[in-house]
Amino acid sequence: VRVVESGGGLVQAGGSLRLSCQASGSHFATATMAWYRQVLKKQRELVASVRFARGTAEYADSVKDRFTINKENAKNTITLEMNSLQPEDTAVYYCKLETEVEGFGTRGPVYWGQGTQVTVSY
């Protein structure tokens with residue numbers, strides 16, 4: 001199974017970036033895909049998630065009204081539109097794939113991408 005992120009980079013405060021994540025190769029159905037971020041020596045934190053069947057999204061309070069998560073079911077892809085970026089958004093952003101047994105709702109394996117660096121300068 002491959003979970004591949006792209007789109008990180010360096011941006012000035014107030015700017016925007018768009019991250020993409022595509023999952024492939026799983027024999028299980030996609031239940032949820034999510035973006036997490038991690039700063040060195042700190043715990044990985046949830047940024048945003050989206051349930052593939054219902055399309056419902058959740059956001060961390062720190063990114064509400066600035067970040068938008070979108071999904072494309074056919075391509076097993078999610079994106080994260082990040083606007084009004086601030087230096088505190090600097091982190092490695094990871095994509096997470098949560099799978100399930102289709103038709104049963106039983107949880108399947110979880111996969112992570114390798115991460116993509118987002119750096120926001122002052």
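Count residues from 1 along the sequence. The shown structure was predicted, so the numbers you read here are calculated from the model rather than taken from an experiment.
- Counting heavy-atom neighbours within 6.0 Å of E88 CD, excluding the residue itself, gives a total above 12.
- Note: E72 CD to N70 CG = 9.5 Å, rounded to the nearest 0.5 Å.
- With sequence neighbours excluded, no residue satisfies salt bridge (Lys or Arg N to Asp or Glu O under 4.0 Å) with R2.
- The disulfide (SG to SG under 2.5 Å) pairs that include a residue from residues 20-107 are C21-C95, where partners are two or more places apart or lie in different chains.
- Looking at Q22 and V4, their side chains never come closer than 4.5 Å, going by heavy atoms from C-beta outward.
- Of the possible donor and acceptor atoms, none in the side chain of E98 sits under 3.5 Å from a partner among the backbone N and O of P109.
- Membership of the apolar cluster around I78 extends to V1, V3, V11, L17, L19, M33, W35, V47, V50, F52, Y59, V63, F67, I69, L80, M82, L85, Y93, L97, Y111, V118, V120, as traced through chained side-chain contacts below 4.5 Å between ILVMFWY residues.
- Applying the side chain to side chain contact (heavy atoms under 4.5 Å, CB included) criterion to R107, with sequence neighbours excluded, gives no partner residue.
- Under the 4.5 Å side-chain heavy-atom criterion for ILVMFWY residues, a single connected hydrophobic cluster contains both V92 and L46.
- In this structure a side-chain-to-backbone donor-acceptor pair under 3.5 Å is missing from Q117 to G8.
- Separating the CG atom in N83 from the CG atom in D65 is a distance of 11.0 Å, to the nearest 0.5 Å.
- No donor-acceptor distance shorter than 3.5 angstrom exists from the side chain of T56 to the backbone of R54, with no hydrogens or angles considered.
- Side-chain atoms of E102 do not come within 3.5 Å of backbone N or O of E100 as any donor-acceptor pair.
- In this structure, R44 forms a cation-pi arrangement with Y94, its terminal cationic atom sitting closer than 6.0 Å to the ring centre and no more than 45° off the ring axis.
- Applying the disulfide (SG to SG under 2.5 Å) test to residues at least two apart or on different chains, none of the pairs has a partner in residues 41-82.
- R51 CZ to K71 NZ: the interatomic distance, rounded to the nearest 0.5 Å, is 11.0 Å.
- Summarising the geometry of S16 relative to S84, their closest heavy-atom pair is OG-N, 4.4 Å, with the distance given to 0.1 Å.
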Side chain to side chain contact (heavy atoms under 4.5 Å, CB included) evaluation trace for S62 with R37: CA-CA 12 Å; S62 59; R37 65 186 181 188; 3.4 Å; yes

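- Note that OG of S24 is 13.5 Å distant from NZ of K75, once rounded to the nearest 0.5 Å.
- For the atom pair OG1 of T119 and CG of L10, the computed distance is 6.0 Å after rounding to the nearest 0.5 Å.
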Stepwise side-chain hydrogen bond (donor to acceptor under 3.5 Å, both in side chains) check, E45 with Q38: CA-CA 6 Å; E45 64 172 1; Q38 187 171 25; over 6 Å; no

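- Checking side-chain atoms of S26 against main-chain N and O of F28 turns up a donor-acceptor pair under 3.5 Å.
- The stretch residues 52-86 participates, sequence neighbours left out, in no disulfide (SG to SG under 2.5 Å) pair at all.
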